[in-house]
Amino acid sequence: MLRGNLLPLCEAGAIDRLWPTVEHMLTRVADEKVTVSDIYQFVMDGTWMLWVCQIPDTKEITSVLVTEFIHYPQVCNLRVVFLSGDDEDWAYGIKVFEDFARINDCSEVEILGRKGWERVLRDQGFKLNHITLSKRIL
């Protein structure tokens with residue numbers, strides 16, 4: 001069960017108000033390809049959508065997630081781009097994203113991340129499809 005409410009942050013004011021907390025959580029998932037500043041810019045311009053899991057009584061943010069719509073030639077999918085926080089939140093909260101994807105006529109929910117997410121989401125019907133490996137060529 002989700003420990004808090006899963007909320008999409010759509011308004012610039014709400015994003016800015018919570019950004020100090022969210023930014024700290026996103027430093028775990030940012031890297032040289034996508035910085036926290038890049039995430040902020042894409043969220044603010046509407047390219048990506050920022051979600052938080054917040055405990056109602058304390059207003060504590062336990063997890064943060066970034067999604068985007070991926071438009072393929074034949075279908076549109078909802079992709080989870082970044083996720084940081086309590087794994088337990090997302091094991092239960094994934095249903096929210098499945099519903100959000102259906103409402104937006106998406107065919108699938110895609111999650112690209114570390115292999116550990118297979119363990120977390122296996123019971124929710126997700127299966128390992130592929131792993132992306134990369135090598136930097138200087």
Side-chain angles (χ1 to χ4, degrees):
M1 173 178 246
L2 272 172
R3 296 185 305 150
N5 295 327
L6 192 54
L7 310 167
L9 300 179
C10 302
E11 297 177 6
I15 295 166
D16 279 335
R17 202 169 30 262
L18 293 176
W19 190 253
T21 301
V22 171
E23 178 180 27
H24 174 72
M25 296 176 81
L26 289 170
T27 57
R28 280 187 52 209
V29 295
D31 60 20
E32 69 279 351
K33 293 180 282 191
V34 181
T35 66
V36 173
S37 296
D38 296 329
I39 296 169
Y40 177 80
Q41 182 60 47
F42 286 155
V43 166
M44 291 302 281
D45 74 14
T47 302
W48 289 347
M49 184 174 221
L50 183 66
W51 302 74
V52 296
C53 186
Q54 188 174 47
I55 297 174
D57 296 340
T58 64
K59 303 298 184 205
E60 175 191 3
I61 296 174
T62 59
S63 298
V64 62
L65 183 131
V66 177
T67 61
E68 69 177 329
F69 291 108
I70 300 296
H71 298 277
Y72 295 104
Q74 303 301 318
V75 298
C76 178
N77 289 348
L78 180 68
R79 177 180 290 164
V80 175
V81 182
F82 295 109
L83 195 148
S84 181
D86 190 337
D87 291 354
E88 188 174 316
D89 285 341
W90 304 115
Y92 293 102
I94 195 66
K95 177 79 170 112
V96 172
F97 297 103
E98 291 171 3
D99 292 342
F100 183 72
R102 268 188 221 95
I103 289 167
N104 286 281
D105 295 324
C106 295
S107 295
E108 295 179 356
V109 175
E110 299 178 5
I111 300 172
L112 304 178
R114 65 185 198 276
K115 189 170 176 1
W117 282 111
E118 178 190 19
R119 175 188 48 79
V120 172
L121 296 174
R122 182 181 311 133
D123 293 341
Q124 304 297 320
F126 282 80
K127 62 181 180 177
L128 183 63
N129 195 352
H130 65 276
I131 295 173
T132 302
L133 300 170
S134 64
K135 178 181 178 183
R136 182 176 293 205
I137 306 296
L138 300 179

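Bear in mind the structure is a predicted one, so any value in this text is a computation, not a measurement.
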Step-by-step side chain to side chain contact (heavy atoms under 4.5 Å, CB included) determination, I70 to E68: CA-CA 6 Å; I70 300 296; E68 69 177 329; 3.4 Å; yes
Are D16 and M44 close enough, and set up right, to give a side chain to side chain contact (heavy atoms under 4.5 Å, CB included), and what steps lead you there? CA-CA 9 Å; D16 279 335; M44 291 302 281; 4.0 Å; yes
Tested for side chain to side chain contact (heavy atoms under 4.5 Å, CB included) against T67, the lone hit among L83, L78, L50 is L78
Side chain to side chain contact (heavy atoms under 4.5 Å, CB included) evaluation trace for F42 with V81: CA-CA 11 Å; F42 286 155; V81 182; over 6 Å; no
Atom pair CG/CG of L65 and L7 - distance to nearest 0.5 Å: 12.5 Å
Could you measure the distance from the CD1 atom of I39 to the CD atom of Q41? Nearest 0.5 Å is fine. 12.0 Å
Checking Q54 side chain against I61 main chain: does a donor-acceptor pair fall under 3.5 Å? no
Spell out, as yes or no, whether a donor-acceptor pair under 3.5 Å connects the side chain of S84 to the backbone of M25. yes
Over all atoms of both residues, closest heavy-atom pair of D38 and K33: OD2-O, 4.1 Å
Closest non-hydrogen atom pair, G85 against R28: N-NH1, 3.5 Å
In terms of hydrophobic clustering (I, L, V, M, F, W, Y; side-chain heavy atoms under 4.5 Å; direct or indirect links), are [X] and [Y] co-clustered?
| X | Y | answer |
| --- | --- | --- |
| M49 | I94 | yes |
| Y40 | V64 | yes |
| W48 | W19 | yes |
| W51 | I111 | yes |
| V43 | F69 | no |

For E110, check salt bridge (charged side-chain N to carboxylate O under 4.0 Å, His left out) against everything at least two apart and list the hits. R79
Side-chain donor-acceptor distances from residues 97-108 under 3.5 Å, at least two apart:
residue, atom, partner, partner atom, Å
D99, OD1, K95, NZ, 2.9
D99, OD1, R102, NH1, 2.8
N104, ND2, F100, O, 2.8

Evaluate V52 against T21 for side chain to side chain contact (heavy atoms under 4.5 Å, CB included), listing each step before the verdict. CA-CA 10 Å; V52 296; T21 301; over 6 Å; no
Just so I know, are the side chains of V66 and V29 near enough to count as touching, which here means a heavy-atom distance under 4.5 Å? no
